[in-house]
Amino acid sequence: MGVPKEGEFITIQSYKHDGKLHRVWRDTMVLKTSEHSLIGVNDHTLVTESDGRRWVTREPAIVYFHEKFWFNIIAMIRDNGVSYYCNLASPFVLDAEALKYIDYDLDIKIFPDGEKKLLDVDEYEMHRQQMGYSAEIDYILKENVKELVEWINEGKGPFSEAYVKLWYERYKQLSRKSS
């Protein structure tokens, strides 16, 4: 499969370090692909958990994946402003089946008022021991937490208001075309 084009839909699959499927998003609309990144949107997207539970995303969310950084970013567009959910995860790969990455438990949540929370530190420690994350992976992830916090503090990329507005507008244009 070639690179997905703007307006096309892809599946996103997240895995755990031990290779087990963790979560699947069924129809993510691609807004832009560049040499190293992919920007998409989830809106009322079906999500399936590893235990078979299914749910549908409530609000539009701009998703950002990169081939070099060990994180991906979800900007959720809500009535009270934009909330962010950032997964510490392997860089993504794209094949004929889906966009895929390994989820490494640690998450950073940013609330509309700018408050930041590092989540799932206990889960990370537990999985690091259970699944044997290497010292190298541990180091890479901790460095990427720092990088991510820098992006957040500087309002870089997905963390700028203009970015979210631009891609949300693009999504609305594309959905009007396809409906």
Side-chain angles (χ1 to χ4, degrees), residues 1-50 54-77 82-108 110 136-137 140-141 143-145 147-148 150-152 154-179:
M1 175 182 114
V3 175
K5 290 177 182 53
E6 176 185 83
E8 290 182 350
F9 289 89
I10 59 168
T11 295
I12 295 172
Q13 296 176 343
S14 85
Y15 290 83
K16 285 299 182 186
H17 184 78
D18 61 5
K20 287 197 178 81
L21 188 61
H22 173 54
R23 189 173 285 140
V24 178
W25 289 260
R26 215 191 42 215
D27 293 310
T28 298
M29 184 194 279
V30 174
L31 298 177
K32 181 176 193 274
T33 51
S34 66
E35 195 187 348
H36 297 297
S37 65
L38 182 142
I39 299 167
V41 67
N42 285 327
D43 190 4
H44 294 86
T45 299
L46 178 67
V47 181
T48 306
E49 301 288 343
S50 56
R54 298 152 80 111
W55 53 279
V56 172
T57 61
R58 283 199 308 268
E59 63 274 307
I62 308 295
V63 294
Y64 173 88
F65 294 91
H66 202 282
E67 285 182 345
K68 297 228 183 306
F69 294 108
W70 285 63
F71 51 75
N72 55 61
I73 301 163
I74 303 163
M76 295 165 286
I77 301 159
V82 178
S83 289
Y84 290 92
Y85 202 87
C86 312
N87 295 300
L88 273 294
S90 68
F92 80 93
V93 294
L94 193 61
D95 65 17
E97 195 182 18
L99 179 151
K100 300 173 178 179
Y101 65 89
I102 298 168
D103 179 293
Y104 280 105
D105 320 308
L106 290 172
D107 302 303
I108 297 179
I110 302 110
E136 184 187 14
I137 283 179
I140 289 170
L141 291 167
E143 287 302 300
N144 275 269
V145 167
E147 179 79 29
L148 189 52
E150 224 167 86
W151 282 35
I152 295 164
E154 291 169 11
K156 190 173 163 182
F159 299 105
S160 86
E161 226 171 281
Y163 173 102
V164 175
K165 205 183 230 145
L166 172 86
W167 292 112
Y168 185 50
E169 283 309 313
R170 187 69 195 119
Y171 163 60
K172 289 195 291 196
Q173 287 170 355
L174 288 166
S175 0
R176 276 198 293 274
K177 268 189 219 158
S178 63
S179 57

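- Every residue meeting the side-chain contact (heavy atoms from CB on, under 4.5 Å) condition with Ser83, not counting sequence neighbours, appears here in chain and number order: Met76, Arg78, Pro112.
- Taking Glu6 as the reference, Arg170 meet the salt bridge (charged side-chain N to carboxylate O under 4.0 Å, His left out) condition, with sequence neighbours excluded.
- Glu147 is linked by a salt bridge (charged side-chain N to carboxylate O under 4.0 Å, His left out) to nothing, counting only residues two or more places apart in sequence or in another chain.
- Residues passing the ring-ring contact (aromatic ring centres under 6.0 Å, His included) test with Tyr168, sequence neighbours excluded: none.
- Scored by the side-chain hydrogen bond (donor to acceptor under 3.5 Å, both in side chains) test, Asp43 finds Tyr171 as partners (sequence neighbours excluded).
- The distance from the CD1 atom of Ile102 to the CG atom of Asp18 is 9.5 Å, given to the nearest 0.5 Å.
- Remark: Ser50 pairs with no residue by the side-chain contact (heavy atoms from CB on, under 4.5 Å) rule, at least two apart or across chains.
- Phe71 meets the ring-ring contact (aromatic ring centres under 6.0 Å, His included) test with Phe69, Trp151; sequence neighbours excluded.
- Annotation: side chain of Asn72 is not in contact with side chain of Phe92 (no heavy-atom distance under 4.5 Å).
- Taking the side chain as every heavy atom from C-beta outward, Leu88 and Leu148 approach each other to under 4.5 Å.
- Ring-plane geometry between Phe159 and Tyr84 is classed as tilted, the angle between the planes lying from 30 to 60 degrees on a 0 to 90 degree scale.
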With side chain to side chain contact (heavy atoms under 4.5 Å, CB included) as the test, would you mind laying out the steps for Thr48 and Leu21 before giving the verdict?
CA-CA 10 Å; Thr48 306; Leu21 188 61; over 6 Å; no
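- In this structure, Tyr101 and Phe65 have tilted ring planes: the angle between them lies in the 30° to 60° band.
- Partners of Glu154 under the salt bridge (charged side-chain N to carboxylate O under 4.0 Å, His left out) rule, at least two apart in sequence or in another chain, do not exist in this structure.
- Using a 3.5 Å distance cut-off with no hydrogens or angles, the side chains of Asp27 and Thr45 do not pair a donor with an acceptor.
- The CD1 atom of Ile108 sits 10.0 Å away from atom CG of Asn144, with the distance rounded to the nearest 0.5 Å.
- No side-chain heavy atom of Ser175 sits less than 4.5 Å from a side-chain heavy atom of Val41.
- With a 4.5 Å cut-off on side-chain heavy atoms, Lys100 and Val93 count as touching.
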Do any side-chain atoms of residues 8-17 form donor-acceptor pairs under 3.5 angstrom with protein atoms, and if so which ones, sequence neighbours left out?
from: Glu8; atom 1: OE1; to: Lys5; atom 2: N; distance (Å): 2.9
from: Thr11; atom 1: OG1; to: Arg26; atom 2: O; distance (Å): 3.1
from: Gln13; atom 1: OE1; to: Tyr15; atom 2: OH; distance (Å): 2.8
from: Lys16; atom 1: NZ; to: Asp103; atom 2: OD1; distance (Å): 2.9
from: Lys16; atom 1: NZ; to: Asp105; atom 2: OD1; distance (Å): 2.7
from: His17; atom 1: ND1; to: Tyr104; atom 2: OH; distance (Å): 2.7

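- Scored by the side-chain hydrogen bond (donor to acceptor under 3.5 Å, both in side chains) test, Glu161 finds no partners at all (sequence neighbours excluded).
- With sequence neighbours left out, Lys68 forms a side-chain hydrogen bond (donor to acceptor under 3.5 Å, both in side chains) with no residue at all.
- With sequence neighbours excluded, no residue forms a salt bridge (charged side-chain N to carboxylate O under 4.0 Å, His left out) with Lys32.
- Side chains of Tyr64 and Ile62 form no contact here, defined as non-hydrogen atoms less than 4.5 Å apart.
- A 6.0 Å sphere centred on NZ of Lys172 holds more than 12 heavy atoms belonging to other residues, nucleotides or ligands.
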